[in-house]
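Read the structure below first, then the notes.
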Amino acid sequence: MLQKKELPKLSEGFFRIMFCQSESDVQAAINTYSVLGPLDTLPNGSFGQRKPDTKVQLGIMKFLKKVDVPPNAGSTSGSVQDSAFPQVSKERDTSCKGPDNLSSLSTTAYKGVKESEDLPKHSIGPDVSPDSIPTLAFPSISTADFQFNIEKASDVIVEKVEEYVKKVGNARLVLVDLSHGSKILSLVRAKAAQRNIDNKKFFTFVGDITRLYSQGGLRCNVIANAANWRLKPGGGGVNAAIFSAAGPALEVATKEQAASLLPGHAVVVPLPSNSPLYNREGVSHIIHVLGPNMNPQRSNCLKDDYVKGCKVLRDAYTSLFDGFLSVLRNQANVTSKNLVSEKSMKDTSCGDLKNHLENGDQKTKRDGDSVSERSKKSKGSHDDNSKIDGSTSKSWTTWAQALYHIAMHPEKHKNVLLEVSDDVAVLNDLYPKAKKHLLILARYGGLDRLADVQQEHLHLLTTMHSVGLRWAEKFLQEDSSMIFRLGYHSVPSMRQLHLHVISQDFNSNHLKNKKHWNSFNTAFFRDSVDVIEEIRNHGKATLKDESYLSMELRCHRCRSAHPNIPRLKSHISNCQSPFPPSLLENGRLVPRQDENLSNS
DNA sequence: GTTCTAGAAC
DNA sequence: GTTCTAGAAC
């Protein structure tokens, strides 16, 4: 999958290579240390953070009083060919209007609509009303802060809309923009008209997407959000407005579904009934969408690559509309409202990045694929990851593949990465078992674990070790009392070969059980220096089985046994004994350079 | 990998 | 009674 590339030869790299037996080894290790730069580019994980957007949607800043409207979300009775919703995008004042102005706003917004002061509430027939037609309101994706070319974006929108108006039955798609002078709306309108897209099923609308009903009289049971990858509130524009209008309930509900989003993907979030958007606007679902970023000021910028940009934008709209379809299906198929919400929770659960990777709420542990991914693949929580060469075959659950995804697509995970090169990616362990605990990921495809490593990977192993050492050195400059150990788990829990760089204090609240301890303090933990020697000499590494994980708890320094984890932790916090001789040999432990561990 | 929790251990 | 483990669920 990922081919190893020619490595740049860098001259910097003043680190110890304690395992190296010869000068050529040292040189090889130095040469393979192809990194972004020396330590100064390093580690706080701050690069790649998305800066707050500056554009602020005016609508949310205004002081409209609450308009209480009974929720009508999830209605499925809509089957009318409604002439009451033509293409609407005439000038309209979107600035502050009180409820007194509501009716005039509605009629202003709907030129050509049957003059109806209370259009939002009143039925136009015995069983159907404009309210009951399932409608997706969506902003133009990526054309604001992400600076996607408007001309190209309008082509993509019209192309995708044309495709999906055929699939949505009687439901409607509405492109919304806050500004009445919106260029994207006029472009899309013109192109949609050219293509004879049914203007009852698709039209544009000028207004605040968070107040389509209360201000504009347009009932939309689903609205799309131009989200950020973190699926967090804030920033600016539509994202800030929607999170603000929906209240904290949306944040909670979003976390239930996914922790983050990749460009080109969408996630459907059922809106809790305590959200103002549900109560006031009748919105039952929010679909977060992440489009391509062409803005060089933002991370993950595609710059001028519109081939990729257009593809990602198409994917984004595909995911969005597929998400809308899934909402329609759920609402049409199930009569019990409870069942609807339960099913939609399951069917729409999404998330490209495993929640596991997020620094946020650790209680969100829902697995799943994004809508678009899921529509292409068979269902299930296991990716197809059986090995072709047959050396090992194991099905990795979704959570266990987080590192693999990072290694294969580090550009999508800049937020968690400390360093990337062609060979490795470096990140903090999300659940560090000591004060310092890094993972050095191999970036080669097909290297799931130590058992997959062969002689041909020797060079990679030395690179991983060198990078790990360099990080240890850096930490030692900050705190010279630390001691590091570098090694691999014989049987890892997570896919993709990764080297642990872990300080020997084991002072961490994440170290909670016997398995945690023994995975780092029995022969189950394979020192990097030993692995390299074994691969060099025998072509394979010695592996220990998982029985080591249930062994008695022993102090890694004085080897005393302890009955349980709390007692062990209490002991190791004070134990000053020298490390056992086996650990003192061959550079298995990495103290500060002038430290003599045997005497400590 | 983590979280949750029943029941074992103390 | 509380602490802690370990297995199931995710």
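Note: hydrogens, waters and symmetry copies are ignored here, and every other heavy atom, side chains too, is used. By convention in this document, chain letters (A, B, ...) are assigned in the order of the sequence lines, proteins followed by strands, and residues within each chain are numbered from 1.
Each of A:H538, A:E533, A:E534 was evaluated against A:R536; a single residue qualifies, A:E533, per the side chain to side chain donor-acceptor pair (under 3.5 Å) test.
Distance CG (A:L568) to P (C:dT3): 19 Å, rounded to an integer number of Å. Between A:L439 atom CG and B:dG1 atom P the separation is 9 Å, expressed in whole Å. The nearest whole Å value for the distance from the CG atom in A:N509 to the C1' atom in B:dT2 is 14 Å. Between the C1' atom of C:dC10 and the CH2 atom of A:W396 lies a distance of 18 Å, rounded to the nearest Å. The separation between A:H562 atom NE2 and C:dC4 atom C1' is 17 Å, rounded to whole Å. We find that OH of A:Y404 is positioned 19 Å from P of B:dG1, with the value rounded to whole Å.
Ring-plane geometry between A:F506 and A:H556 is classed as perpendicular, the angle between the planes exceeding 60 degrees on a 0 to 90 degree scale with a lower cut at 30.
Here A:H489 reaches the OP1 or OP2 of B:dG1: one of its side-chain N or O atoms lies under 4.0 Å away. Between A:H510 and the phosphate of B:dG1, there is no side-chain N or O to OP1/OP2 separation shorter than 4.0 Å.
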What N/O pairs connect the protein and nucleotides 5-7 of chain C at under 3.5 Å? Give each pair on its own line.
{"from": "C:dT5", "atom 1": "OP1", "to": "A:I565", "atom 2": "N", "distance (Å)": "2.8"}

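Here the two rings, on A:H500 and A:H489, have centers that are under 6.0 Å apart.
A donor-acceptor contact closer than 3.5 angstrom links the side chains of A:D545 and A:S547.
In summary, A:E251 and A:K255 do not engage in a salt bridge, as defined by a charged side-chain N under 4.0 Å from a carboxylate O. A salt bridge links A:E419 with A:R470: at least one charged nitrogen is closer than 4.0 Å to a carboxylate oxygen.
The aromatic ring of A:Y431 does not sit over the base of B:dG1, since the test of centres under 5.5 Å and planes under 30° is not met.
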